[in-house]
Amino acid sequence: MNATVSRSGSDYGLLDLAVIGGGINGGGIARDAAGRGLKVLLCEKDDFAEGTSSRSGKLIHGGLRYLEYYEFRLVREALIEREVLLASAPHIIWPMRFVLPHSPEQRPAWLVRTGLFLYDHLGGRKQLPASRNVDLAHEPEGAPLRPEFQRGFEYSDCWVDDARLVILNLVEAARKGAVILPRTRAVSARREGDCWQLEMRSESGELRTVRAKALVNAAGPWVQDVVQGVAGLNSAHNVRLVKGSHLVVPKFWSGSQAYLLQNTDRRVIFVNPYETDLALIGTTDIVHDGRAEDVAIDDRETDYLLAVLDRYFRAAPGRADIIHAFSGVRPLYDDNADNPSAVTRDYVFEVHGSDGQPPLLSIFGGKITTFRKLAEHALERLGPWFPQMGPAWTAGACLPGGDLGSSFDRFLADLTNEYAGVPREVVAHYARLYGSCARDLLGPARNADDLGRHFGGTFYERELTYLREREWAVTAADVLDRRTKHGLHLSRAEREAFELYL
């Protein structure tokens, strides 16, 4: 079945699992469950990854700073998952080295070194290089830094295209038979005998009603809305919405390394290479009391991030250099911590349903790095209701496009030779976003003319057609901001022309 095809509710029959929420946790659970032989449907009220899952710091990481809060189990699980995910999707996940200038006012050197030693060994590191000391006064990594920072450390984590990670999980779920419904809101859910009756409404107003043996509430910031407003139940847990904001500026240093900066409030700020010639700076940690939909960066956050840069870098960017800024809310499990930075990044399940009742499993918290393990744990919790369910399988499986062979560089070289008449920068863009699926996108194309209308940069009509047919893209933002980052590279006139074209 083509991934974008939908059907009326009466065609679905009795589902095993209906998943509410099309972020990373919902996508991961739908993929895992469909691969175990369950009949799955997923609905999302907006576009996939439109909320938290496209507004992260775009890192697959163990969470070095979580060691200070004694989150050893979470860090270990995340470090193990870092290697699993790197192997599963090397086109959208790749290693990155982080330079941590030593700031003795925040943490003594012995404490940082001890933390890095634990970070190197907690997860059984295999693919990534170990941490090391860096002489910032003489090594090139220190060149952009102010002269007072003479000593530092370097360690490894991984970069990820977060929104594409969500889409690839959903593409795989659809390939394995799951029904995937974007822009379809869960309206009500009621138990009827041994199953749930779930009512959904699409953007066009079409009403669908399906029956499912179990529901999964992966609504992220809206998890309580689903428990109470959709299912009419009470919850013993809460989420705490913590806003994180990021800035995008032109890259202002040489080299592929990122930087991790300790601030005077003991928080840390990432400064990461982004989209080749840009830098991504963040994040803040501020309790958000409003609606998740209304989150936005404010002037205080911008000043905060720029001040950290100015403390460390010789030629730090200023307000005039900001190309783009975005904010997201992290739906963290509320553990009553006073400091937003200390709120756990772990996840908690709540299961409504016993004595033969069909279950509702709700997810509180979590982080992008542990989504795959979270999905396994969720299906373990639902195991008593599905004795016929197949075994866990995702740990050794590639995501769509991830079967590259020996290495990404070798794959890119082969693809560039195969499509020698297509602009090299376009082939490289397709390789990064689509991996081995780039051949499906390119098909018989042999030169730029075969790619159709040119919208600017590396964006051609052929890619737009692929995204609409294979990845549920509808609006300009779906295409330019989530499934790709073309929006960062098009001029205002080019973006307006594309929106008019759509």
Side-chain angles (χ1 to χ4, degrees), residues 21-28 44-61 63 92-93 157-170 182-183 218-223 239-249 258 267-275 278-298 300-302 304-305 322-333 340-341 343 345 347 363 365-371 374 433 473 475-488:
I24 189 59
N25 290 333
E44 160 58 45
K45 66 183 180 65
D46 300 308
D47 182 32
F48 302 123
E50 188 168 338
T52 303
S53 295
S54 63
R55 306 182 190 193
S56 74
K58 309 187 192 309
L59 296 175
I60 297 293
H61 66 132
I92 63 164
I93 300 172
D157 263 323
C158 291
W159 178 264
V160 64
D161 188 325
D162 51 4
R164 288 213 59 76
L165 184 64
V166 176
I167 291 296
L168 295 186
N169 274 273
L170 293 169
R183 296 179 166 84
W222 301 275
V223 61
V239 289
R240 191 172 186 182
L241 301 185
V242 176
K243 179 171 66 162
S245 296
H246 292 80
L247 304 176
V248 179
V249 300
R267 293 199 65 255
V268 294
I269 301 298
F270 289 96
V271 182
N272 301 333
Y274 188 39
E275 289 290 298
L278 302 176
L280 181 66
I281 299 150
T283 177
T284 56
D285 261 324
I286 299 174
V287 173
H288 181 70
D289 294 323
R291 299 194 318 153
E293 295 91 337
D294 298 334
V295 65
I297 190 171
D298 60 38
R300 290 174 301 170
E301 291 176 286
T302 299
Y304 174 88
L305 294 172
I322 298 172
I323 295 171
H324 178 59
F326 64 89
S327 294
V329 289
R330 308 177 190 95
L332 305 180
Y333 172 67
S341 298
V343 178
R345 268 53 175 177
Y347 51 87
I363 300 162
K367 59 198 293 282
I368 194 167
T369 304
T370 53
F371 84 90
L374 181 151
L433 268 67
T475 71
D478 297 351
V479 174
L480 300 180
D481 302 333
R482 285 182 287 277
R483 286 155 186 78
T484 78
K485 295 298 181 287
H486 286 310
L488 291 172

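Everything numeric in this text was worked out from a predicted model, so none of it was measured.
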Charged N-O contact under 4.0 Å between [X] and [Y]:
X      : Y      : result
Asp478 : Arg183 : yes
Lys243 : Asp294 : no
Arg55  : Asp162 : no

Can you list the steps and then say if Leu59 with Asp157 is a side-chain contact (heavy atoms from CB on, under 4.5 Å)?
CA-CA 7 Å; Leu59 296 175; Asp157 263 323; 5.7 Å; no
Taking atom [atom1] of [X] and atom [atom2] of [Y], what is their separation to the nearest 0.5 Å?
X      : Y      : atom1 : atom2 : answer
Ile286 : Asp298 : CD1   : CG    : 5.5 Å
Thr484 : Glu275 : OG1   : CD    : 8.0 Å
Leu280 : Phe270 : CG    : CZ    : 10.5 Å
His288 : Ser245 : NE2   : OG    : 10.0 Å
Asn169 : Ser53  : CG    : OG    : 10.0 Å
Phe48  : Ile24  : CZ    : CD1   : 12.5 Å

Can you list the steps and then say if Glu293 with Asp46 is a side-chain contact (heavy atoms from CB on, under 4.5 Å)?
CA-CA 11 Å; Glu293 295 91 337; Asp46 300 308; 5.9 Å; no
[X] versus [Y], closest heavy-atom pair with distance:
X      : Y      : answer
Asn272 : Gly57  : ND2-O, 4.0 Å
Asp481 : Gly487 : OD1-CA, 4.1 Å
Tyr347 : Gly365 : CB-C, 3.9 Å
Arg482 : Ala163 : O-CB, 3.4 Å
Leu278 : Val248 : CD1-CG1, 3.9 Å
His246 : Ile297 : O-CD1, 4.2 Å

Walk me through whether Lys58 and Asp161 qualify under salt bridge (Lys or Arg N to Asp or Glu O under 4.0 Å).
CA-CA 6 Å; Lys58 309 187 192 309; Asp161 188 325; over 6 Å; no
Considering only heavy atoms from C-beta outward, does the side chain of [X] approach that of [Y] to under 4.5 Å?
X      : Y      : answer
Ile363 : Leu374 : yes
Thr302 : Ile322 : yes
Pro331 : Val223 : no
Val166 : Ser54  : no
Ile93  : Arg164 : no

side-chain contact (heavy atoms from CB on, under 4.5 Å) evaluation trace for Leu165 with Ile92:
CA-CA 7 Å; Leu165 184 64; Ile92 63 164; 4.0 Å; yes
Donor-acceptor contact below 3.5 Å, side chain Thr284 vs main chain Glu301
no
Determine yes or no for a side-chain-to-main-chain donor-acceptor pair under 3.5 angstrom, with Thr369 supplying the side chain and His61 the backbone.
yes
Show your reasoning for whether side-chain contact (heavy atoms from CB on, under 4.5 Å) applies to Val239 and Leu332.
CA-CA 5 Å; Val239 289; Leu332 305 180; over 6 Å; no
Where does the angle between the aromatic ring planes of Trp159 and Tyr274 fall among parallel (under 30°), tilted (30 to 60°) and perpendicular (over 60°)?
tilted
Compute whether any side-chain donor of one residue and acceptor of the other, for Arg267 and Thr283, lie under 3.5 angstrom apart.
no
